[in-house]
Amino acid sequence: MAGRQLLMTFPVTESSHRLAEYRARGGYAAIEKALRSMRPEDVTKQVTDAGLQGRGGASFPTGRKWQVVVPGDGQPHYLIANADEGEPGTFKDRWILENAPHLLIEGMLLTAYALDARHCFIYIRGEFDLPYRRIAGAVDEAYAAGLLGERILGSDFSCDLIVYRGAGAYVAGEASGLISSLEGKKGYPRNRPPRLTVKGLYQRPTVVNNVESLSNVTVIVRDGIDAFRAVGTAKSPGTRLFSVSGHISRPGVYEVELGYPWRKFLDEDCGGVLDGRALKAVVPGGISSKILTGADIEHLTLSHESLWEANSTLGSGGMIVVAEGTCMVRLLEIMLRFYHHESCGQCTPCRHGTGWMHRIVARIAAGEGRPEDIERLYYVAKYNDGTTICGLGDAAGYAATGILDKFRDEFEYCIEHKRSRYQGRLE
Amino acid sequence: MRSLIPEFEALRARFPAGFASSLVLPCLRRIQEERGYVADEDVEELAAFLGVPAIQIEEVLTFYTQFRRRPVGRWHLQLCRNVSCSMRGGERLIEHLERRLGVRPGETTADGRFTLSTVECLGSCGTAPAMMVNERYVESLSAEAVDALLEELR
Amino acid sequence: MTEIVINDRTIDAQPGQTVLEAALANGIFVPTFCWHPKLSVAGNCRMCLVEVEGRGLDIACNMPVTKGMRVLTDSPEVKAHRKAMLQFITLNHPVDCGICDKAGECRLQDYHYAYNGEPSLSVEPKVRSTKYYNLSSRILLDNERCILCLRCTRFTHEVSKSMALGIEHRGDTSVIRPVADRPLGEDPYSDNIIDLCPVGALQSRQFLHKTRVWYLKPTPSVCPGCARGCTIQVWHRKAEWRVKALDPAQNNAIARVTPLENPAVNGPWICNKGRDLARLLERQRATEPMLRGAPTSLEGALERARELIGAARHPVALVSSWGSNEELEAFRRHLGAVFTSFVKCDAVAEPGERIEDQLLIRADKNPNTAAAEALFGRAEAQLPEGTDLVLVWGEGFDFARLPRGARVLFLNAYLQPENGHADVFLPITIHTERAGHFTNFQGVVSAFQPCFEPPRGAAHAEALFAALAAPARVHA
Ligand SMILES: Cc1cc2nc3c(=O)[nH]c(=O)nc-3n(C[C@H](O)[C@H](O)[C@H](O)COP(=O)(O)O)c2cc1C
Ligand code: SF4
Ligand code: SF4
Ligand code: FES
């Protein structure tokens, strides 16, 4: 086990996702405690002091986001759990939705209580089938048990929760794109200001948090700040779920205590690189986080600060392991095809830049590269960085420059020799 | 769509007041489940029912990949073509299915049994390669497993 | 007041203003495609990126001013980014200015020369799209030229409220599309999107490939289509570009009509009727004075008219609500004491025309009813038995209503059968042939200038009124 665990603390069985078993594990004690003995601002303060950072990608301090919303200011507030999980390589929220749905629901109740939000939503990506059935079933169970709806657990606190299904759009995972989608429109992200916590869903203050972030709220309120901070590092308290895929012996979802040695995690917990091949590179947290080489990660730990130092991020926790012998040109082509396919098309640089980069790299991979192509990719990435409404344009650029920074020679080889050094191998 | 109106009314009652526009996605999903796709008349009727501009519905139908304006085959096979699946044989699997079915992604077999599509990451990277067969995920695929599945669905 | 600094200049901005608004209000230009003062902020073209010291680049059109902020609109970083935005915009743009009506008044062209000026960095094939898409019977859409600024869609959602347009698909395959069951054709304001479009993606079918805009000259005018009196620009061929080889009618015709922005009346918009002024005004003209259908000289006609006026005991005048303030005043001065005068409704809505709405269109389809009624009252026209002379000025009078035995003096601009029934007929000019003012229903007075020479034979009504009161020379 990769250090101490806070979320994946029970054996998964046919019925471990059900309310009865969740309660038997001590579930819904945190909301009971909060409703009995805490004020909304106490919950916010606990989450702030616990130092919880968002698990959706940007690692934004959760408490700081919540503080913008003023409970009882006379207007409705909304809370949305982001279960869109569209970042390639990421499938960790799915684990919670399928196996610990009540952990999320309890976390949402606590958050709704803190934010004075009468209505909450879980925005789940449209493709997810089993996760949808599991979370929808859990919501029904919670309603039946009086844990959702009017006067929860006999308190004055009422809260409704709707599970809302997307319909196939990565950009609808971006918080404001999600809100557009939840308003029944195309998932166009919105310019800030205004911040979503000021004007979000139907122009009301809205908090969007990742599924895993909200699940951690349950843990923080249940166990207290000290218990939470005791796990992880000072700058990265707690754990993170990593979904590990690619060339790895035991792919899957792992809960890792932050600060855990990266290499050890891959070798011992995940069984090492597939077929005993050498480690070429790792995408740390979804393809929007910059790739690192096997050598880079040798002495890194899995914590926010360690990754920032290496000029990357833990992102969404979608870790993709790349073995020696893999063609990075093809890998980048697939990544850029993705961004090209998923750009919503609002912003000039992203609408055209994602396709431009995709076409350049596809051309290189097809043996028709030109000497100026690499420079051109940097150019497109540079002018997508910080110039767009949402992070998709930036992310496409990071994916490209991340790989080019580390594996430029492979691109140069492919351009010069009109073929991939690794015959385009991906497997 | 009309037969679904009682269901839509119930759905509307679950949402806060003023959220009619939010019903566009769930209603379209249900319409598509029933009919297999969304027809022009559905757009008109839904726009009238919800009181939203028809153009909003048209936009939604083309923005999201899961909505269809035309029927697909009995079995819709949607294979992931993203990074993790490709690293575990996804591209070979797509080629295999193209050969087996004699169609390219986006096409339907002549007998109307199968539609082949490629999709972006399904969030099944740990059990790659993966595909959707209609609503259901089928994971940890191999050429053999796909052949067996085709037999079963034929 | 919020003090901010733009390019080392201290500026007093209004609280709640954006940096873009503050800059423009102070004469500092920032290029924009998607931003429009009368539409919501879309913030998608990214052309207005500016640098804020300590905060990096962001778009000016969505940036609220904050006290003490320091903004650079022309730093090297800003310039490099502008250039890059133009590289992106032209990446898939066909750059077919040679066959584009917008050439010469296109923002993309202007900005390209101002901020980029270099050939494309791309060697990739361009994304192709629909080249001629029928948006309506009035408007053609070229999706390849579209830069997706969404001004057109926002206009139909926020201003005309027809909700006729949207964006289908996504990414670089996004296309502007009309909704099937609510065609843009029913939106009486649809043509405003042609002006709004910063590029040549939306093209007027009336104007399609008719002429190059640099051969044209706009003359400020007022739309006579309804009592709103929107100020307009009437575009016609410049004198130096009148070409013999062209059909003479083309040298002397309205090429197109666009709004003349006017905060007091119509803002930046007009309705489609205003665009179709040519249809309204370029009908066959009357150019010959007549006595009961027989051509005569202007002097002869005036002579006869003065006789009739002198002999009449109960003369009634039906005054045109299309007359200018100056003409109405001339009528009052010269003939007001002679006639019992009523204001005539010259024009009514055509079948299918929108009668009235909240935006611009007024039910009164005449431009100067307000001024006419101020002079001649609001009373319904009375033509009692015993009326022995009726002066009819302008169109819209049903000659069947003439009291038995009454003589008729008719001033009209167009060739119509009624002209021949009048005892005296005098052809007059129309408002695009003279200067003057209209007063709209709110009392706002707007000026119009002459665009064309009057046809030979047509006289200004103002001069005719003087000549009807006492012998005088009239030029026609
Ligand atoms: C293109 C794009 C896609 C995103 N997709 C997701 C997603 O699928 N799930 C998610 O939780 N956050 C996603 N995010 C991040 C969200 O915008 C937002 O930051 C996050 O949901 C906030 O939750 P957190 O603070 O709890 O991390 C995405 C961001 C971008 C720019
Ligand atoms: S950055 Fe790309 S995906 Fe994000 S809003 Fe702009 S165009 Fe859409
Ligand atoms: S058609 Fe013109 S106005 Fe409309 S989005 Fe395209 S460029 Fe903008
Ligand atoms: S004018 Fe500001 S983004 Fe278009």
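What you see is a predicted model, and the numbers here were worked out from it, not measured in a lab.
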[X] [atom1] to [Y] [atom2] distance, which is reported to the nearest 0.5 Å:
X	Y	atom1	atom2	value
A:I291	A:I403	CD1	CD1	4.5 Å
B:L11	B:L23	CG	CG	5.0 Å
A:L182	A:L201	CG	CG	5.0 Å
A:L161	A:I80	CG	CD1	11.5 Å
A:C159	A:L148	SG	CG	6.0 Å

Residue selection (most heavy-atom pairs with chain B, distance under 4.5 Å) from [options]:
options	value
A:A167, A:G184, A:P251, A:G187	A:A167
A:G166, A:A172, A:G345	A:G166
A:G252, A:G86, A:G126, A:A169	A:G126

Under a 4.5 Å heavy-atom cut-off, does chain B meet the side chain of [X], its backbone, both or neither?
X	value
A:I179	neither
A:I162	both
A:L130	neither
A:V171	side chain

> Going through the checks in order, is the side chain to side chain contact (heavy atoms under 4.5 Å, CB included) test met by B:L122 and B:V119?
Replying inline: CA-CA 8 Å; B:L122 290 171; B:V119 290; 3.8 Å; yes
> What residues form a ring pair (Phe, Tyr, Trp, His ring centres under 6.0 Å) with A:F407, not counting sequence neighbours?
Replying inline: none
Tell me which donor-acceptor pairs, judged by distance alone and kept under 3.5 Å, run between chain B and chain A, one pair per line.
residue: B:R14; atom: NH2; partner: A:L161; partner atom: O; Å: 3.4
residue: B:S21; atom: OG; partner: A:E183; partner atom: O; Å: 2.4
residue: B:S22; atom: N; partner: A:Y202; partner atom: OH; Å: 3.1
residue: B:S22; atom: O; partner: A:Y164; partner atom: OH; Å: 2.6
residue: B:S22; atom: OG; partner: A:L182; partner atom: O; Å: 2.6
residue: B:S22; atom: OG; partner: A:Y202; partner atom: OH; Å: 2.7
residue: B:R29; atom: NH1; partner: A:G166; partner atom: O; Å: 2.6
residue: B:R29; atom: NH2; partner: A:G126; partner atom: O; Å: 3.3
residue: B:Q56; atom: NE2; partner: A:G184; partner atom: O; Å: 2.8
residue: B:E59; atom: OE1; partner: A:K186; partner atom: NZ; Å: 3.1
residue: B:E59; atom: OE2; partner: A:K186; partner atom: NZ; Å: 3.4
residue: B:Y64; atom: OH; partner: A:S181; partner atom: OG; Å: 2.8
residue: B:Y64; atom: OH; partner: A:K185; partner atom: O; Å: 2.7
residue: B:Y64; atom: OH; partner: A:G187; partner atom: N; Å: 3.2
residue: B:T65; atom: N; partner: A:A167; partner atom: O; Å: 3.4
residue: B:T65; atom: N; partner: A:G168; partner atom: O; Å: 2.9
residue: B:T65; atom: OG1; partner: A:G168; partner atom: O; Å: 3.3
residue: B:Q66; atom: N; partner: A:A167; partner atom: O; Å: 2.9
residue: B:R81; atom: O; partner: A:R337; partner atom: NH2; Å: 2.8
residue: B:S84; atom: OG; partner: A:S245; partner atom: OG; Å: 2.8
residue: B:M87; atom: O; partner: A:H247; partner atom: NE2; Å: 3.4
residue: B:R88; atom: NH1; partner: A:G246; partner atom: O; Å: 2.5
residue: B:R88; atom: NH1; partner: A:I248; partner atom: O; Å: 3.4
residue: B:E91; atom: OE1; partner: A:R330; partner atom: NH1; Å: 3.0
residue: B:E91; atom: OE2; partner: A:R330; partner atom: NH1; Å: 3.4
residue: B:E91; atom: OE2; partner: A:R330; partner atom: NH2; Å: 2.9
residue: B:R92; atom: NE; partner: A:E427; partner atom: OE1; Å: 3.4
residue: B:R92; atom: NE; partner: A:E427; partner atom: OE2; Å: 2.7
residue: B:R92; atom: NH2; partner: A:E427; partner atom: OE1; Å: 2.5
residue: B:R92; atom: NH2; partner: A:E427; partner atom: OE2; Å: 3.3
residue: B:C121; atom: O; partner: A:R125; partner atom: NH1; Å: 3.1
residue: B:C121; atom: O; partner: A:R125; partner atom: NH2; Å: 2.9
residue: B:G123; atom: O; partner: A:R94; partner atom: NH1; Å: 2.7
residue: B:S124; atom: OG; partner: A:R94; partner atom: NH1; Å: 3.0
residue: B:E139; atom: OE1; partner: A:R94; partner atom: NH2; Å: 3.2
residue: B:E139; atom: OE2; partner: A:R94; partner atom: NH1; Å: 3.2
residue: B:E139; atom: OE2; partner: A:R94; partner atom: NH2; Å: 3.1

>> Set out, in order, the CA-CA distance, both residues' side-chain angles and the distance that settles side chain to side chain contact (heavy atoms under 4.5 Å, CB included) for A:L274 and A:I248, then state yes or no.
In response: CA-CA 4 Å; A:L274 193 66; A:I248 189 79; 5.8 Å; no
>> Taking 4.5 Å as the heavy-atom cut-off, does anything in residues 146-154 of chain B contact chain A, and if so which residues?
In response: none
>> Applying a heavy-atom distance below 4.5 Å, give me the residues of residues 97-113 of chain B that approach chain A, sorted by number.
In response: none
Which atom names give the shortest non-hydrogen contact between [X] and [Y], and what distance separates them?
X	Y	result
A:I320	A:G246	CG2-CA, 4.3 Å
A:L426	A:I334	CD1-CD1, 3.5 Å
B:I57	B:A47	CD1-N, 3.5 Å
B:P129	B:C85	CA-SG, 3.6 Å
A:P131	A:L97	CB-CB, 3.9 Å

>> Run the side chain to side chain contact (heavy atoms under 4.5 Å, CB included) test on B:L79 and B:L93 for me, step by step, so that the C-alpha distance in whole Å, both residues' side-chain angles and the decisive distance to 0.1 Å come before the verdict.
In response: CA-CA 8 Å; B:L79 279 93; B:L93 208 61; 4.0 Å; yes
> Please walk me through it: do B:F8 and B:I31 pass side chain to side chain contact (heavy atoms under 4.5 Å, CB included)?
Replying inline: CA-CA 10 Å; B:F8 291 173; B:I31 290 169; 4.0 Å; yes
>> Could you check whether A:F91 and A:F242 have their ring centres less than 6.0 Å apart?
In response: no
